[in-house]
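Input: a single structure, listed below in structure tokens.
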Amino acid sequence: MKNLILIGDSGHAKVIEHVAIRAGWKVIAKLDDKYSEKTFDVKGQIKGPTKIISDLIDDDTYILIAIGANRVRKFIFEKLNLPLENYATVIDPSAIISEDIVVGYGTCIMPNSVVNPASKIGNHVILNTRCVVEHDNVIEDYVHISPGSTLTGNVKVEEGCHIGAGATLIPSISVGSWTVVGAGSTVIRNVENDVTVVGSPSRVLTNVSGGRG
């Protein structure tokens, strides 16, 4: 059993911890800069600021940024300045994953998700509960695909996008970087960078200064 350090200690971290344990990881620490010093909780897990991470990493210990906000995940990765190889890929055992997909470092695939053949999933991506990623999709780094969303075939989702719960993206479209697709939206045409789209069919709501998540 390999050890896992979670960066972040809030609601999303609780879900990540549950998935990691189901996937056979031992969560030994939750680091968050809301803590000022190293302590131990009742489960024996280490709590403390992120600056102590270098004291905890070894050949059997990996990291996962357990924060839902896409820009924050990117900021923390850049701040820690650690090699990608130090980051775990965590996949819930209930997920249905094609053998030929590519999944990056620091990515978590949640319960009952589906990833079909020839899809490529980037680094620090969240595929949340019951989402469906059909064949030949490309999902770039720091994307969050929310629960119950469906990406049909040949879809490209660029860096930092947030795809809201229950959204549907029809085949062969692209969603630009750091764009937000609102919950329940149906996206039927390409979407540019840094916008929010909502509705069915989706329409541009506003320009934004970065995807959420």
Side-chain angles (χ1 to χ4, degrees), residues 1-33 35 38 40-41 43-115 119-131 133 137-147 157 159-160 162 213:
M1 179 180 292
K2 292 186 177 181
N3 298 325
L4 186 64
I5 300 166
L6 299 184
I7 305 297
D9 191 12
S10 59
H12 189 68
K14 294 176 184 177
V15 181
I16 295 287
E17 180 178 17
H18 173 73
V19 172
I21 291 170
R22 283 169 50 86
W25 293 85
K26 181 181 180 182
V27 177
I28 64 166
K30 292 179 183 173
L31 304 184
D32 193 305
D33 286 337
Y35 301 120
K38 179 180 176 180
F40 292 86
D41 67 11
K43 296 185 289 187
Q45 287 180 351
I46 298 167
K47 300 290 184 77
T50 56
K51 66 183 181 181
I52 70 170
I53 195 167
S54 58
D55 299 330
L56 304 177
I57 295 175
D58 58 33
D59 290 342
D60 292 314
T61 303
Y62 294 81
I63 310 162
L64 191 65
I65 303 174
I67 294 172
N70 300 338
R71 284 197 182 275
V72 176
R73 286 201 307 287
K74 183 173 185 178
F75 171 79
I76 290 173
F77 173 72
E78 292 174 348
K79 175 185 174 184
L80 293 178
N81 195 29
L82 294 168
L84 264 176
E85 292 78 9
N86 286 132
Y87 288 84
T89 299
V90 175
I91 301 175
D92 189 272
S94 70
I96 301 172
I97 306 295
S98 179
E99 293 181 356
D100 68 343
I101 70 165
V102 176
V103 182
Y105 294 100
T107 287
C108 184
I109 302 180
M110 299 287 198
N112 299 308
S113 296
V114 177
V115 185
S119 289
K120 297 179 180 179
I121 314 299
N123 302 311
H124 303 288
V125 169
I126 300 166
L127 298 186
N128 221 318
T129 308
R130 291 188 301 102
C131 72
V133 177
N137 280 290
V138 176
I139 299 176
E140 295 187 353
D141 300 346
Y142 308 107
V143 167
H144 187 160
I145 309 296
S146 295
V157 180
E159 179 177 310
H162 176 86

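The nearest pair of heavy atoms linking Leu56 to Ala29 is CD1-CB, 4.1 Å. In terms of heavy atoms, Ile145 sits closest to Cys131 at CG2-CB, 3.9 Å. Closest approach of Ile109 to Val19, counting heavy atoms only: O-CG1, 4.1 Å. When all heavy atoms are compared, the tightest approach of Arg22 to Pro93 is O-CG, 3.5 Å. Closest non-hydrogen pair, Val27 versus Ala20, comes out as CG2-CB, 4.2 Å. Heavy-atom minimum distance, Lys30 versus Gly8: CB-O, 4.2 Å.
Remark: Ile7 CD1 to Ile53 CD1 distance equals 3.5 Å, nearest 0.5 Å. Taking CD1 of Ile67 as the reference point, atom NZ of Lys74 lies at 15.5 Å (rounded to 0.5 Å). With rounding to the nearest 0.5 Å, the separation of OG in Ser94 from CG in Asn112 is 4.0 Å. Rounded to the nearest 0.5 angstrom, Asp59 CG and Asn3 CG are separated by 11.5 Å. Note that CG of Asp58 is 10.0 Å distant from CG of Asn86, once rounded to the nearest 0.5 Å. Annotation: the span from His12 atom NE2 to Cys108 atom SG amounts to 6.5 Å, rounded to 0.5 Å.
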Trace of the side chain to side chain contact (heavy atoms under 4.5 Å, CB included) decision for Leu82 with Ile63: CA-CA 10 Å; Leu82 294 168; Ile63 310 162; 3.5 Å; yes
Output, in order, the C-alpha distance, side-chain angles, deciding distance and verdict of side chain to side chain contact (heavy atoms under 4.5 Å, CB included) for Ile121 and Leu127.
-> CA-CA 9 Å; Ile121 314 299; Leu127 298 186; 4.3 Å; yes
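Each of Thr89, Val115, Ile139 was evaluated against Val103; a single residue qualifies, Thr89, per the side-chain contact (heavy atoms from CB on, under 4.5 Å) test.
With sequence neighbours left out, the side-chain contact (heavy atoms from CB on, under 4.5 Å) criterion links Asp100 to Ser98, Pro117, Ala118. Taking the side-chain contact (heavy atoms from CB on, under 4.5 Å) definition, one finds that Asp32 meets it with Asp9, Lys34, Tyr35, sequence neighbours left out. Take Tyr62 and apply the ring pair (Phe, Tyr, Trp, His ring centres under 6.0 Å) test, not counting sequence neighbours, and it matches Trp25.
Between Glu140 and Lys120, none of the side-chain N atoms (NZ, or NE/NH1/NH2) sits under 4.0 Å from a carboxylate O, so this pair counts as no salt bridge. Using a cut-off of 4.0 Å between Lys/Arg side-chain N and Asp/Glu carboxylate O, Lys2 and Asp60 are scored as not salt-bridged. Looking at Lys43 and Glu17, a side-chain N of the basic residue comes within less than 4.0 Å of a carboxylate O on the acidic one, giving a salt bridge.
Side-chain contact between Lys47 and Phe40: absent, with no pair of heavy atoms (C-beta onward) separated by less than 4.5 Å. For the pair Asn70 and Val143, the minimum side-chain heavy-atom distance is 4.5 Å or more.
Ring orientation note: the planes of Tyr87 and His124 are nearly perpendicular, at an angle over 60° on the 30°/60° scale.
Checking Asn128 against His144 by side-chain atom types alone, a donor-acceptor pair falls below 3.5 Å.
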